[in-house]
Amino acid sequence: MELGMIGLGRMGANMAQRLVQHGHRVVGFDPGAQARERAAQGGIEPVASLAEVIERLPTPRVVWLMVPAGEPVDRTIADLLPQLASGDTIVDGGNSFYKDTMRRAKMLAAHGIAYVDSGTSGGVWGLSEGYSLMVGGDDAAVERLRAVFEALAPAADRGWGHVGPSGAGHFTKMVHNGIEYGMMQAYAEGFAIMQKRADFALDLGQIAQIWRHGSVVRSWLLDLSANALEENPTMSGIAPYVSDSGEGRWTVAEAIELDVSAPVITLSLLERLRSREDDSFADKLLAAMRAQFGGHAIKRE
């Protein structure tokens with residue numbers, strides 16, 4: 001197939017390169033000249049504008065977006081819309097909020113343009129290992145892109161699937177990332193407990209390697225934890241600050257809206273927020289309260 005890739009950052013460029021490796025032609029655009037230059041080294045045809053992407057693609061055209069969620073997606077669609085025609089397809093492979101996806105699909109359908117949402121997992125390993133793709137959209141539009149999904153996935157018959165109508169792909173990816181938050185938090189807490197037991201002098205890297213084989217807690221996240229512990233056993237030089245990209249918040253909000261109890265995901269999100277407090281007023285107040293009711297000593301700064 002031939003398609004345009006908008007956004008040639010780490011994910012977009014790697015996905016485009018994997019498609020090229022599987023025999024597809026990719027015309028790529030990114031506002032950064034360096035990103036375009038790097039993409040060219042992977043066999044992607046870089047262009048300097050959205051208009052050039054559209055000009056170089058045969059009709060009906062397929063344009064895949066890998067841009068940050070929210071306003072950047074809307075802006076990109078608005079810029080593309082006058083240049084597209086009925087029968088064309090836009091794929092959003094980023095981490096968009098599923099309700100935004102449903103809104104965009106409805107708007108584009110009025111112009112005869114299909115909108116497919118592909119929740120994409122795989123990170124920097126996707127180029128070599130393949131991506132997990134949760135695809136939402138019209139049956140015909142998804143089927144038209146089958147060869148693309150099969151190339152991006154770990155194998156043609158696994159790691160990807162058409163999960164439902166427009167919005168379903170991004171909804172599924174949102175929940176996927178919420179689960180990821182909880183799993184990461186559990187691993188982090190468990191290793192922290194072991195690290196604290198100084199008298200055992202546990203080799204956390206060794207334990208991670210043991211758990212990778214035969215254990216019920218083995219997973220790809222554990223594999224990555226083992227890599228991290230091998231490279232930096234004491235986590236030296238890493239600040240205790242954990243970012244979040246939005247999906248965990250959306251998952252928690254959805255759980256509340258649907259009256260679903262999700263305490264593990266919720267607390268894992270709150271722990272990430274907690275990690276950013278260099279000077280916690282709440283902790284200071286807790287210490288002061290303990291002093292007030294129990295006369296407990298306060299540790300001074």
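Residues take their numbers from the sequence shown, with the count starting at 1. These figures come from a predicted structure and were not determined experimentally.
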Point to revise | Cationic tip of Arg104 above Tyr115 ring, under 6.0 Å, 45° of axis | key: no

Point to revise | Shortest non-hydrogen contact from Gln209 toward Ala226 | key: NE2-CB, 3.7 Å

**Study point:** Working for ring-ring contact (aromatic ring centres under 6.0 Å, His included), residues Trp211 and Tyr187
**Key:** CA-CA 11 Å; Trp211 287 355; Tyr187 281 130; 7.6 Å; no

**Study point:** Leu221 CG to Ile179 CD1 distance, which is reported to the nearest 0.5 Å
**Key:** 11.5 Å

Exercise for review: Flag the pair Leu127 / Gln21 as yes when at least one side-chain heavy-atom distance between them is below 4.5 Å, and no otherwise.
Suggested key: yes

Point to revise | Tyr131 six-ring centre to Arg18 NZ/CZ under 6.0 Å and within 45° of normal | key: no

Check your understanding: Would you call the rings of Phe97 and Trp250 parallel, tilted or perpendicular, where under 30° means parallel and over 60° means perpendicular?
Key -> tilted

Review point. Is it the case that Arg146 places NZ or CZ above or below the six-membered ring of Phe149, under 6.0 angstrom from the centre and within 45 degrees of the axis?
Key: no

Check your understanding: So which heavy atom on Asp30 is nearest to which on Leu8, and how close?
Key -> OD2-N, 2.8 Å

Exercise for review: Give me the one residue out of Asp244, Thr266, Asn177 that meets side-chain hydrogen bond (donor to acceptor under 3.5 Å, both in side chains) with Arg249.
Suggested key: Asp244

Practice item. Given salt bridge (charged side-chain N to carboxylate O under 4.0 Å, His left out), test Arg272 with Glu247 step by step and report yes or no. Key: CA-CA 13 Å; Arg272 291 194 179 200; Glu247 295 87 348; over 6 Å; no

Check your understanding: What are the two closest heavy atoms between Arg144 and Met1, and how far apart are they?
Key -> O-SD, 3.5 Å

Exercise for review: Could you tell me whether a side-chain N or O of Ser268 sits under 3.5 Å from a main-chain N or O of Gln185, the two making a donor and an acceptor?
Suggested key: no

**Study point:** Distance, nearest 0.5 Å, that separates NE2 of His170 from OG1 of Thr101
**Key:** 4.5 Å

